[in-house]
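This report concerns only the one structure given below.
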Amino acid sequence: MKMWEKNIRRVVPYVPGDQPSGDRLIKLNTNENPYPPAPGVEKALREMDYDRLRKYPDPAARALTGSLAEYYGVGTDQVFVGVGSDDVLAMAFLTFFNSSKPVLFPDVTYSFYKVWAELFGIPYETPALDDDFRICGADYYRENGGVIFPNPNAPTGLLLGLDQVEDIVWHNQDVVVIVDEAYIDFGGDSALPLLERYENLLVVQTFSKARSMAGMRIGFAIGNPSLIRALNDVKYSYNSYTMNMPSLVLGAESVKDERYFRNTVAKIVDTRERAKSRLRRLGFSFPDSMSNFIFARHETAPASELFEALKERQIYVRYFAQPRLENYLRITIGTDEEMEELYHFLEDYLKR
Ligand SMILES: *Cc1c(COP(=O)(O)O)cnc(C)c1O
């Protein structure tokens with residue numbers, strides 16, 4: 001080993017799903033929205049003031065925090081925005097999880113949590129989901145340095161009711177509790193109303209899933225002004241201009257079109273519910289997803305083989321070669337046409 005190599009920080013990075021390119025490809029592997037962003041976003045993109053790229057964007061991202069504050073009925077001092085919720089969550093780990101006690105998150109959950117904890121040297125423990133992949137609230141009653149979980153959870157798609165979320169927050173009023181609501185718009189009750197009662201709660205959401213803007217990279221957190229101030233202090237100690245000008249303009253534009261947003265989400269929810277009965281008939285079983293994906297196993301066909309066969313046919317789904325997950329596929333809900341192609345392929349494949 002060279003001397004300088006001794007000073008390199010060694011980390012095991014998060015591995016995102018493939019972003020393959022091709023004509024006939026059906027991409028059901030990274031929980032993107034199959035529908036385009038709201039029409040107003042396209043218009044704003046076409047009409048964008050090119051000269052503004054010359055200047056730095058607003059470091060306070062007011063165009064976006066303002067429209068989110070209005071939409072969710074909170075103060076502008078209660079909103080923090082970042083480069084996707086990954087950026088918001090990483091910043092929140094850095095800001096709020098500074099205890100010597102372990103941060104708690106489920107053993108089966110968004111795998112980035114572990115990566116950030118390792119990167120920032122944050123101690124953590126991972127209470128196991130039960131045999132049905134459910135989060136057990138009581139596992140989070142013990143002393144800890146903070147709590148984070150997605151609701152609905154990923155990759156299971158299982159939703160906690162608002163009473164169960166509140167129960168976890170109620171038992172953890174001495175630490176910051178983060179609820180990662182990346183998929184909440186697909187059928188759950190947001191924890192946002194709890195903000196009135198719990199100043200230690202931070203709710204994180206994203207434009208990547210329900211708002212069809214994964215490519216733009218916009219995420220946000222809503223919480224008590226003192227939490228938001230702390231997040232901003234850390235952000236300004238790291239990079240003042242996390243949000244580029246187009247994302248501020250286009251993000252704000254997207255928030256304006258409530259009707260389009262509700263429509264798109266409703267279409268995906270319909271397709272998801274139909275997918276449940278189609279997949280069940282094909283011999284799959286799965287937790288009852290309230291997100292835009294289904295985490296399914298087949299009664300006879302091993303997931304790893306199905307994954308490869310689907311990929312061969314240019315249908316991409318997500319496979320996790322991990323204990324407890326190795327016989328499951330996470331299938332993003334696409335358009336009805338894409339899902340039909342999936343079912344047809346599976347029908348043929350499983351007949352063999
Ligand atoms: C997709 C996802 C995110 C991150 O999404 P961004 O694209 O970074 O906004 C965060 N948490 C969970 C659970 C997710 O599935």
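Order of appearance sets the numbers: ligands from 1, and atoms from 1 within every ligand. The structure displayed is predicted, hence computed values, not measured ones.
- The stretch residues 329-338 participates, sequence neighbours left out, in these salt bridge (charged side-chain N to carboxylate O under 4.0 Å, His left out) pairs: Arg274-Asp336.
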List below, pair by pair, the N or O atoms of ligand 1 and of the protein that are less than 3.5 Å apart, including the distance to 0.1 Å; reply 'none' if no pair qualifies.
{"residue": "ligand 1", "atom": "5 (O)", "partner": "Ser85", "partner atom": "OG", "Å": "3.2"}
{"residue": "ligand 1", "atom": "7 (O)", "partner": "Ser208", "partner atom": "OG", "Å": "2.6"}
{"residue": "ligand 1", "atom": "7 (O)", "partner": "Arg217", "partner atom": "NH1", "Å": "2.7"}
{"residue": "ligand 1", "atom": "7 (O)", "partner": "Arg217", "partner atom": "NH2", "Å": "3.4"}
{"residue": "ligand 1", "atom": "8 (O)", "partner": "Ser85", "partner atom": "N", "Å": "3.2"}
{"residue": "ligand 1", "atom": "8 (O)", "partner": "Asp86", "partner atom": "N", "Å": "2.9"}
{"residue": "ligand 1", "atom": "8 (O)", "partner": "Asp86", "partner atom": "OD1", "Å": "3.4"}
{"residue": "ligand 1", "atom": "8 (O)", "partner": "Asp86", "partner atom": "OD2", "Å": "3.2"}
{"residue": "ligand 1", "atom": "8 (O)", "partner": "Arg217", "partner atom": "NH2", "Å": "2.8"}
{"residue": "ligand 1", "atom": "9 (O)", "partner": "Ser85", "partner atom": "N", "Å": "2.6"}
{"residue": "ligand 1", "atom": "9 (O)", "partner": "Ser85", "partner atom": "OG", "Å": "2.8"}
{"residue": "ligand 1", "atom": "9 (O)", "partner": "Thr206", "partner atom": "OG1", "Å": "2.5"}
{"residue": "ligand 1", "atom": "9 (O)", "partner": "Ser208", "partner atom": "OG", "Å": "3.3"}
{"residue": "ligand 1", "atom": "11 (N)", "partner": "Asp180", "partner atom": "OD1", "Å": "3.4"}
{"residue": "ligand 1", "atom": "11 (N)", "partner": "Asp180", "partner atom": "OD2", "Å": "2.7"}
{"residue": "ligand 1", "atom": "15 (O)", "partner": "Tyr183", "partner atom": "OH", "Å": "2.5"}
{"residue": "ligand 1", "atom": "15 (O)", "partner": "Lys209", "partner atom": "NZ", "Å": "3.1"}

When the side chains of residues 155-165 are checked against the rest of the protein, which donor-acceptor pairs come out under 3.5 Å, sequence neighbours left out?
{"residue": "Thr156", "atom": "OG1", "partner": "Leu158", "partner atom": "N", "Å": "3.2"}
{"residue": "Gln164", "atom": "OE1", "partner": "Gly161", "partner atom": "N", "Å": "2.7"}

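- Judged by distance alone, the side chain of Thr332 and the main-chain N or O of Leu28 form a donor-acceptor pair under 3.5 Å.
- A cation-pi arrangement is present between Arg211 and Phe261, with the terminal nitrogen or guanidinium carbon under 6.0 Å from the aromatic centre and inside a 45° cone about the axis.
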Side-chain donor-acceptor pairs of residues 126-140 under 3.5 Å, sequence neighbours excluded:
{"residue": "Asp130", "atom": "OD1", "partner": "Asp132", "partner atom": "N", "Å": "2.8"}
{"residue": "Asp130", "atom": "OD1", "partner": "Phe133", "partner atom": "N", "Å": "3.1"}
{"residue": "Asp130", "atom": "OD1", "partner": "Arg134", "partner atom": "N", "Å": "2.8"}

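- Gln78 and Tyr72 form no side-chain donor-acceptor contact under 3.5 Å, judged by distance and modelled atom types alone.
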